[in-house]
S.K.: 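Before we start, here is the structure in question, set down as structure tokens.
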Amino acid sequence: MPQANGDFPKPGELLRQIHDPEDLKGLTPEQLPVLAKEIREYLVASVSRTGGHLGPNLGVVELTIALHRVFDSPEDALVFDTGHQAYVHKLLTGRQDFSKLRQKDGLSGYPSRAESSHDIVENSHASTALSWAYGIASAQRLDKNQNHVVAVIGDGALTGGMAWEALNNIATGDAQKLVIVVNDNGRSYAPTIGGLSNHLNMLRTDPRYEKTLSHVKQALMSAGRPGEAAYETLRSFKRGLKDFLAPQVMFEDLGLKYLGPIDGHNLEQLELTLKQARDFEAPVIVHVRTEKGRGFTPAEQDAADRFHAVGAIHPETGLPVAPSRFGWTSVFAEEMLTLARKNKRLVGVTAAMMAPVGLGPMAKEFPKRVFDVGIAEAHAATMCAGLAFGGYHPVFAVYATFLNRAFDQVLMDIALHQAPVTIVLDRAGATGDDGASHNGMWDLAMLRMIPGIKLAVPRDATTLRKALQKATSDDEGLTVIRYPKGAVPEDYSVIERGSDDVNSSFSLISFAHEDVKSEEDRAQNARIALVALGPLVKVAREAAMQLSEEGNVVEVIDPEWIYPIASDLVAYLGNFDHVITLEDGLLEGGYGSALRDSLSTNLDQKSMPSLSNLGIGSRFWQQQSRDDLWQASNLTVEKVIELVRQGLKS
């Protein structure tokens with residue numbers, strides 16, 4: 001593990017003594033609140049510098065301490081759903097250098113098997129933990145393993161259909177030593193019931209209670225109709241009492257034992273309840289109520305998301321260290337609202353990401369025309385097909401990495417039915433900091449196979465607005481727009497070619513240099529074409545400018561609408577000796593591969609240029625900056641220049 005920077009915040013005195021979860025078990029009850037305070041102080045001080053998921057971790061401090069005091073990780077498997085709330089878990093399992101959190105050679109922002117045997121699931125996509133836990137618990141039962149499996153899932157992740165599919169199996173399966181902790185950090189809480197609730201929990205998990213209930217049921221049910229009526233009366237009374245004491249009895253209706261709700265910041269109550277769940281020989285739901293952002297006033301007062309994820313901030317005020325530049329999401333949000341005002345049939349759809357994907361402004365002005373379906377991307381896609389059938393044009397705004405979860409629905413419900421749906425992919429391409437599961441690099445290769453798809457990759461604010469206007473006015477099937485994370489570059493000067501039709505439109509990108517020939521001469525004499533998508537137009541321009549200083553003539557081309565491959569672009573590229581493609585997406589099976597196929601099919605051998613493709617390598621990239629990831633994938637000015645020089649020599 002890398003050493004902490006000299007001026008980076010240090011963990012508190014008590015926290016520094018925790019090298020392993022076993023160290024927690026030797027602490028006195030009086031020391032535990034001190035430890036919780038030190039953890040919160042370190043999280044605020046460190047994450048304020050690096051950025052990361054602050055609010056969720058401030059909310060699970062006591063819960064994580066209690067989990068590690070009651071269970072024996074890693075023998076007992078702790079599975080965190082999504083994983084963004086695992087910072088406290090890292091601190092308690094010997095990882096207390098956060099100086100490079102979410103950076104190259106530093107700690108991941110999510111659980112990581114490479115870091116610790118205490119980490120089980122690396123994927124940061126939500127609603128998966130219960131399936132993982134059920135699988136692990138089932139394997140342990142087959143091996144007669146007596147260890148426990150604990151899944152920690154947020155109330156938000158329970159909106160995902162996959163979680164309920166798992167619950168359905170857990171309720172009827174044979175996995176026994178399985179504890180499900182529902183971390184409910186919603187803000188509208190009913191009062192905790194305290195001692196009476198604890199007493200009821202102990203009663204309902206006592207094996208004698210279950211045996212007695214079973215005997216009573218058998219006796220009454222064998223007594224004919226009067227006995228059945230008596231049993232139903234007893235059962236109704238029991239359920240009514242539970243309804244009063246524990247509102248979430250729907251879990252017990254599934255056949256799962258339910259404990260709670262309990263105060264997620266009361267260590268004594270947490271430990272008592274978790275021990276009850278641990279000792280019960282069947283799957284148990286433990287409902288814990290926590291406060292997201294607890295202990296950090298700016299987070300507690302943040303109405304939007306309680307500092308769910310932050311960049312570098314001032315630890316005293318919570319204000320950004322440097323204001324962020326106007327981003328791609330903001331451009332989309334503005335244009336979407338403008339179009340919604342003009343088109344009453346335009347609607348927005350989001351999967352629990354209203355603010356992050358930019359649909360907040362539209363929802364505020366047109367609340368009935370924006371649908372938040374929760375963490376349910378597959379449902380969202382098919383719902384869009386239904387909205388389209390009903391005469392509306394839905395825009396499904398989603399992080400690119402999360403569209404992977406809805407591919408079947410995009411293919412079979414939207415595309416097959418030629419539904420006029422627009423999917424807007426935010427954070428497309430290399431995102432870097434959040435690691436392997438958040439890079440949105442799969443879409444260009446994944447979506448390429450869909451018949452009839454029209455996909456745009458804007459390079460700046462103007463082309464994003466134009467693409468959204470065209471997509472939302474298209475009533476003939478699936479349109480997709482993708483753009484990266486971060487700030488929008490200044491608009492590029494271009495020489496327009498073709499028309500607005502996706503089969504004809506592409507742009508020649510101009511760049512100013514005193515040695516560059518006129519645009520007309522460049523178009524006639526260029527031997528090398530750099531075909532760059534979206535954010536990589538900048539890399540291509542810089543390479544072309546340097547090459548022009550050496551007297552080379554290089555053309556920079558932006559296809560804008562990359563699928564279908566524009567027939568006019570294919571014909572135009574027949575004028576070049578060498579073509580180099582640059583894409584912020586998967587190299588294998590991506591746009592460059594599709595262009596190669598189209599050129600070989602539509603050009604004769606004499607017109608066929610040689611082709612080199614640059615893109616992101618097919619692997620799971622760990623946390624690092626986007627620039628680092630591009631560097632590792634040869635998406636650099638230097639690599640482009642090297643390939644051009646090789647082409648000029650051939």
Side-chain angles (χ1 to χ4, degrees), residues 339 343 345-349 377-398 400 402-426 428 440-458 463-464 466-483 498-506 531 533-534 558-571 581 583 585-586 588-602:
L339 294 172
N343 181 0
R345 311 299 285 184
L346 192 65
V347 295
V349 177
E377 292 84 1
H379 161 57
T382 300
M383 177 186 175
C384 284
L387 284 163
F389 179 77
Y392 286 83
H393 191 112
V395 175
F396 177 26
V398 60
F402 296 139
L403 187 70
N404 304 350
R405 316 182 79 185
F407 177 75
D408 180 70
Q409 289 71 26
V410 173
L411 179 67
M412 293 299 174
D413 292 324
I414 295 176
L416 175 65
H417 293 85
Q418 298 182 326
V421 173
T422 296
I423 297 176
V424 173
L425 300 180
D426 202 326
M441 63 194 231
W442 314 100
D443 58 306
L444 297 184
M446 179 178 71
L447 298 175
R448 170 187 168 187
M449 69 184 73
I450 297 180
I453 188 173
K454 287 160 276 188
L455 195 154
V457 185
T463 50
L464 171 54
K466 286 175 58 179
L468 191 60
Q469 292 164 12
K470 182 169 184 57
T472 55
S473 63
D474 191 324
D475 59 359
E476 296 180 354
L478 172 65
T479 52
V480 179
I481 302 171
R482 60 111 69 176
Y483 48 77
S499 67
D500 287 338
D501 186 272
V502 296
N503 287 309
S504 303
S505 177
F506 62 92
V531 181
L533 308 190
D558 174 16
E560 297 187 15
W561 286 88
I562 68 166
Y563 300 145
I565 303 290
S567 56
D568 284 7
L569 175 61
V570 171
T581 66
E583 60 190 298
L586 197 64
E588 185 176 347
Y591 172 75
S593 175
L595 182 62
R596 181 188 299 276
D597 291 346
S598 186
L599 290 173
S600 63
T601 300
N602 294 288

S.K.: Kindly indicate whether the side chain of F407, heavy atoms from C-beta on, has any atom under 4.5 Å from the side chain of M412.
M.R.: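 Counting from C-beta outward, F407 and M412 never come under 4.5 Å.
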S.K.: Report, as yes or no, whether the 6.0 Å neighbourhood of atom CD on Q469 holds more than 12 heavy atoms from other residues, nucleotides or ligands.
M.R.: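 Yes, CD of Q469 has more than 12 neighbouring heavy atoms, counting only those of other groups under 6.0 Å.
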S.K.: Between P451 and L411, what is the shortest heavy-atom contact and its length?
M.R.: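 Minimum heavy-atom separation between P451 and L411: CD-CD1, 4.4 Å.
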S.K.: Nearest 0.5 Å please: distance from the CD1 atom of I481 over to the CG atom of L464.
M.R.: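 One gets 6.5 Å once the value is rounded to the nearest 0.5 Å.
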S.K.: If we only count heavy atoms from C-beta on, is the W561 to L455 side-chain gap below 4.5 Å?
M.R.: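 The answer is no, as the side chains (C-beta and beyond) never meet within the 4.5 Å cut-off.
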S.K.: Could you tell me whether the side chain of Y563 and the main chain of L444 form a donor-acceptor pair under 3.5 Å?
M.R.: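 Answer holds: yes.
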S.K.: Using 0.5 Å steps for rounding, measure from the CG atom of L599 to the CG atom of L569.
M.R.: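 Rounded to the nearest 0.5 Å, the CG-CG separation comes to 7.5 Å.
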S.K.: Determine, stepwise, if the pair N343 / T472 fulfils side chain to side chain contact (heavy atoms under 4.5 Å, CB included).
M.R.: CA-CA 9 Å; N343 181 0; T472 55; 5.5 Å; no
S.K.: Before giving the answer on side chain to side chain contact (heavy atoms under 4.5 Å, CB included), spell out for D426 and V424 the whole-Å C-alpha distance, their side-chain angles and the decisive distance to 0.1 Å.
M.R.: CA-CA 6 Å; D426 202 326; V424 173; 5.7 Å; no
S.K.: Taking R345 for its side chain and G391 for its backbone only, find out whether a donor-acceptor pair lies under 3.5 Å.
M.R.: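 It does hold such a pair.
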S.K.: If you apply the rule side chain to side chain contact (heavy atoms under 4.5 Å, CB included), what do you find for L447 with W442, and how did you get there?
M.R.: CA-CA 8 Å; L447 298 175; W442 314 100; over 6 Å; no
S.K.: With a cut-off of 6.0 Å (strictly less than), are more than 12 heavy atoms of other residues, nucleotides or ligands near OH of Y392?
M.R.: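 Atom OH in Y392 is not packed in, count stays at 12 or less.
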S.K.: Work out which heavy atom in A381 is nearest to a heavy atom in F396; give both atom names and the distance.
M.R.: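 Result for this residue pair: N-CE2, 4.3 Å.
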S.K.: Between the side chain of E377 and the main-chain N/O of A406, is any donor-acceptor distance below 3.5 Å?
M.R.: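 Not a single qualifying donor-acceptor pair exists.
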S.K.: Any luck finding a side-chain donor-acceptor pair between S593 and R448 under 3.5 Å?
M.R.: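 Distance-only check passes for S593 and R448.
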S.K.: Among L586, N404, L425, which residue satisfies the side-chain contact (heavy atoms from CB on, under 4.5 Å) criterion with D443?
M.R.: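 Between D443 and the candidates, side-chain contact (heavy atoms from CB on, under 4.5 Å) is satisfied uniquely by L425.
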S.K.: Measuring from I562:CD1 to K454:NZ, what's the distance to the nearest 0.5 Å?
M.R.: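 So the gap between those two atoms works out to 14.5 Å.
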S.K.: Taking side chain as C-beta onward, heavy atoms only, is H393 less than 4.5 Å from D475?
M.R.: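 A side-chain contact under 4.5 Å is absent here.
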S.K.: Only one of V395, D474, L478 passes side-chain contact (heavy atoms from CB on, under 4.5 Å) with T422; say which it is.
M.R.: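 The side-chain contact (heavy atoms from CB on, under 4.5 Å) with T422 is passed solely by V395 among V395, D474, L478.
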S.K.: Return the OG1 to NE2 distance between T382 and H417, rounded to the nearest 0.5 Å.
M.R.: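 Reported to 0.5 Å precision, the distance equals 9.5 Å.
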S.K.: Show the nearest heavy-atom pair for residues V421 and A385, with the distance to one decimal.
M.R.: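 In terms of heavy atoms, the two residues are closest at CG2-N, 4.3 Å.
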S.K.: Hey, does I423 have a side-chain heavy atom less than 4.5 Å from the side chain of L403?
M.R.: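 When only atoms from C-beta onward are counted, I423 and L403 do touch, with a gap below 4.5 Å.
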S.K.: Nearest 0.5 Å please: distance from the CG atom of N602 over to the OG atom of S567.
M.R.: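 It comes to 8.5 Å.
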S.K.: Report yes if some heavy atom in the side chain of D558 is under 4.5 Å from a heavy atom in the side chain of F506; otherwise report no.
M.R.: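 A side-chain contact under 4.5 Å is absent here.
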S.K.: Identify the heavy atoms of R482 and P458 that sit nearest to each other, and give their distance.
M.R.: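 So the two residues come closest at O-CD, 3.3 Å.
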S.K.: So how far is it from Q409 CD to L416 CG, rounded to the nearest 0.5 Å?
M.R.: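 The CG atom of L416 is 12.5 Å from CD of Q409, to the nearest 0.5 Å.
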S.K.: Between A388 and A419, which heavy-atom pair has the shortest distance, and what is it?
M.R.: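 Nearest heavy atoms, A388 then A419: CB-CB, 3.9 Å.
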S.K.: Would you check if V410 and I450 make a side-chain contact, meaning some heavy-atom pair closer than 4.5 Å?
M.R.: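 Yes, their side chains come closer than 4.5 Å.
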S.K.: Within the distance-only criterion (no hydrogens, no angle test), does the side chain of S473 pair as donor or acceptor with the backbone N or O of K470 below 3.5 angstrom?
M.R.: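 Indeed, once roles are kept as given, a pair shorter than 3.5 Å links the two residues.
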